[in-house]
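Have a look at the structure below, then the notes.
These figures come from a predicted structure and were not determined experimentally.
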Amino acid sequence: MRGKLFVVLSVAALMFTGCSEPKQKSGENAPVVEDGANKGETGKEDTKQTPQVENKPATVEITLPASMFQGEQNIENTIAKAKEQGVDEVKKNDDGSLTYTMSKETHSKILGEMRDSLNQSIDELKSGQDFKSIKDVIPNESFSEVTFVVDRAAYEKSFDGFASIGIAIAAMYYQIFEGASDEGKVAIKLQDESTKEVFKTIEYPDALKNPGK
């Protein structure tokens, strides 16, 4: 179980540890029309000349802030691995951030892979024996909210909270990559199995910035 969570986090960190909304490059699908005389010498329209349209595939850009690479020993290795995953271009910005450019097809493919990995990790967490106080894990459709149904007494006496941290971070990366949230905001809700009461809500990334709160 811990191994699977590590894989999810590694994939997410490699590709999508950014804080800007994916965007389509402007103008790439706009028709390019040659203006050089659609009219003949007499001033009348020349029906033999037609606009020339250049169609280019739409792309997606994600800018990853420098803070996401703190502790990274070899940024070139990170860039090389990103390109292996289908990223067309990785640009180093002056502030230390990286801008990834990829086709919409690649973006959709990797987003689907991230969703599958997250769902599989959640299924394994629920069925495994590593975190015994956790009885169920219920994400919403976009992974912006994940409810952990727990045996409260056992949960509070254990270290099972580490499981929610792993899922939360992976869900943050999914949010960022999908473009739903610039900061990858995710709410982890802890629900008592017996009373159905949500006794704690942990907001990410705030919890990572203020771990003692």
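- We find that Lys109 and Glu113 are joined by a salt bridge, their nearest charged nitrogen and carboxylate oxygen being less than 4.0 Å apart.
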Apply side chain to side chain contact (heavy atoms under 4.5 Å, CB included) to Val186 and Ser144, showing your working.
CA-CA 5 Å; Val186 173; Ser144 63; 5.6 Å; no

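- Of the inter-residue distances, the one linking Phe162 atom CZ with Phe131 atom CZ reads 9.5 Å to the nearest 0.5 angstrom.
- For the atom pair OG1 (Thr78) and CG (Leu98), the distance works out to 8.0 Å, reported to the nearest 0.5 Å.
- Ion pair Lys185/Glu145 not flagged as a salt bridge, since none of the NZ, NE, NH1 or NH2 atoms sits closer than 4.0 Å to an Asp/Glu carboxylate oxygen.
- Just one residue in the list Leu125, Ile188, Val149, Val150 forms a side chain to side chain contact (heavy atoms under 4.5 Å, CB included) with Val137, and that residue is Leu125.
- Shortest non-hydrogen contact noted between Ile110 and Gln85 is CD1-O, 3.6 Å.
- Electrostatic pairing of Asp151 and Lys135 does not count as a salt bridge here, judged by no charged N lying under 4.0 Å from a carboxylate O.
- Salt bridge present: Glu141 and Arg115 bring a charged side-chain N and a carboxylate O closer than 4.0 Å.
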As a quick check of understanding, evaluate side chain to side chain contact (heavy atoms under 4.5 Å, CB included) for Lys92 and Thr99, giving each step before the final call.
CA-CA 7 Å; Lys92 291 183 181 179; Thr99 298; over 6 Å; no

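- Checked by atom type, the side-chain pair Ser127/Asp123 shows no donor-acceptor distance below 3.5 Å.
- When every heavy atom of Tyr100 is checked against every heavy atom of Ala82, the shortest pair comes out as CE2-CB, 3.5 Å.
- Contact between Val87 and Thr101 at its shortest, heavy atoms only, is CG1-O, 3.4 Å.
- Between Thr106 and Ser103, some side-chain heavy-atom pair lies under the 4.5 Å cut-off.
- Counted by atom type alone, Thr59 and Asp88 present zero donor-acceptor pairs between their side chains at under 3.5 Å.
- Inter-residue side-chain proximity for Ile122 and Phe143 is flagged as met; some heavy-atom pair is nearer than 4.5 Å.
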